[in-house]
Number of protein chains: 2
Amino acid sequence: MTEKEPAAPPGLEAHLGYCLRRVSNHVSAAFARSLQQQHVSVAEWVVLSQAAVRPEVRPAELADRLGLTRGAVSKVLDKLEGKKWIVRRTMADDNRVQLLSLTRQGQRVLPQLAEIAGRNDERFFGCLDAQEQDTLRRLLLKLSEFHCIRDVPVE
Amino acid sequence: MTEKEPAAPPGLEAHLGYCLRRVSNHVSAAFARSLQQQHVSVAEWVVLSQAAVRPEVRPAELADRLGLTRGAVSKVLDKLEGKKWIVRRTMADDNRVQLLSLTRQGQRVLPQLAEIAGRNDERFFGCLDAQEQDTLRRLLLKLSEFHCIRDVPVE
DNA sequence: TATTGTTATACTCTATAACTATA
DNA sequence: TATAGTTATAGAGTATAACAATA
């Protein structure tokens, strides 16, 4: 018996990164489909969530935090503004800067979207018991912290 | 004190799916960048790996397995054939069908790409000890099996 | 000049569906 | 008619870089 080759997994499954991606893509795709039924993209959900958590956030800060260009953020904001979920206000001191905030409608919609995310989580991770879920979360957080992953994933 | 709100995580981090995606996107992006330095896309790496594991595989089977359309697979094959890493042979019994196989050059390149994947894994998951890595793999496999995830992720 | 946000353009990846050829 | 693979077209999403307004 060799030590290195498990013989069964035919190459790709040997890589942890591959296993992670396979599972992650599956959950994310399901989530994206659920959102899409409400005509919401993942980027919109992430931007809306971030704007809710950081009142008066600026587009530039969102771009940094999300790992997108300002142009890309600008377009997402166009969509969210079109839905009347956020408003862009010009800062009094510096007219170049925009301050973002959720409208009442945006505040009402956010928990509905969060519930979609919650249901998606439940459906997918429900096959793990509480302790396993905890372990998984702990390992993911350890990886996040070790590598200083602060970016909010959009794609 | 409320029971539901952990107060600290501001919304997004409450979702396991979100944590998973954040970590997965980070590893995958790093991997994609490493591959790109060799002018190889993730889709090309996946298709090449699959063709190596299943000699004489047909494009249609790859499309099913990868969750892509046949048209998309056709284009990836064009690229791989252009690099002389695979060849398409017409099946003798049925001229509609193609049988794929790696060229000698493709066979030589594959382990080099696998090493890139390996190094990427090591760099990223190295902060977990052997047991933690094992636990993570076990949890991911459990999720894969429970949800019958067979698709090989491409994006 | 430097900075914030917008826009014009192009690129990549993928799907849909029409198409060719074989069966 | 049905099937395997290709190709034409279109759409989503993003980046790059030129741009306007402001500082």
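Sequence lines set the chain letters: A, B, ... in the order given, protein chains first and strands last, and positions in each chain run from 1. Reckoned from all heavy atoms, side chains included, excluding hydrogens, waters and symmetry mates.
Under the 4.5 Å side-chain heavy-atom criterion for ILVMFWY residues, no single connected hydrophobic cluster contains both A:L102 and A:V87. Put simply, B:L113 and B:L100 are part of the same group of oily side chains (I, L, V, M, F, W, Y) that touch within less than 4.5 Å, one to the next. A:V42 and A:V40 end up in the same hydrophobic cluster when Ile, Leu, Val, Met, Phe, Trp and Tyr side chains are linked at under 4.5 Å. There is a path of hydrophobic side-chain contacts, each under 4.5 Å, that joins A:L136 to B:L128. Using a 4.5 Å cut-off between side-chain heavy atoms of Ile, Leu, Val, Met, Phe, Trp and Tyr, with links allowed through other members, B:L48 and B:I116 fall into the same hydrophobic cluster.
Taking the side chain as every heavy atom from C-beta outward, A:R88 and A:L77 approach each other to under 4.5 Å.
A donor-acceptor pair under 3.5 Å is absent between the side-chain atoms of B:Q133 and the main chain of B:A130, judged by distance alone. For the pair A:E56 (side chain) and A:L99 (backbone), a donor-acceptor distance under 3.5 Å is absent. With hydrogens and angles ignored, the 3.5 Å screen pairs a side-chain donor or acceptor of A:S28 with a backbone N or O of A:S24.
Relative to the axis of its first five pairs, the axis of the last five pairs of the helix from C:dT1-D:dA23 to C:dA23-D:dT1 sits at 30°, rounded to 10 degrees.
Salt bridge absent: A:R58 and A:D64 never bring a charged side-chain N and a carboxylate O closer than 4.0 Å.
Between the C1' atom of D:dT6 and the CG atom of B:D78 lies a distance of 8 Å, rounded to the nearest Å. In this structure, CG of A:L77 is placed 12 Å from P of C:dT7, rounded to the nearest angstrom. Distance, A:L99 CG to C:dT4 P: 13 Å, rounded to whole Å. Between the P atom of C:dG5 and the CG atom of A:L100 lies a distance of 8 Å, rounded to the nearest Å. At whole-Å resolution of the value, CG in A:L68 and P in D:dT16 are 12 Å apart. Going from atom CD of A:Q98 over to atom P of D:dA23 covers 13 Å, rounded to whole Å.
Ring orientation note: the planes of B:H147 and A:F124 are close to parallel, at an angle under 30° on the 30°/60° scale.
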Check the interface with nucleotides 9-12 of chain C: list each N/O to N/O pair with the protein under 3.5 Å, or write none.
none

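Residue B:V97 is the one, among A:K79 and B:V97, whose nearest nucleotide of DNA chain D lies closer to the 5' end (criterion: closest heavy atom).
Proximity of A:Q36 to the phosphate of D:dA12: no side-chain N or O atom is located under 4.0 Å from OP1 or OP2. Taking only side-chain nitrogens and oxygens, B:R89 never comes nearer than 4.0 Å to OP1 or OP2 of D:dG5.
The side chain of A:A60 sits closest to C:dG5 out of C:dG5, C:dT6, D:dT7.
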Nucleotide-resolved protein contact map, nucleotides 16-23 of chain C, B/S/- at heavy-atom distance under 4.0 Å: B-----BS
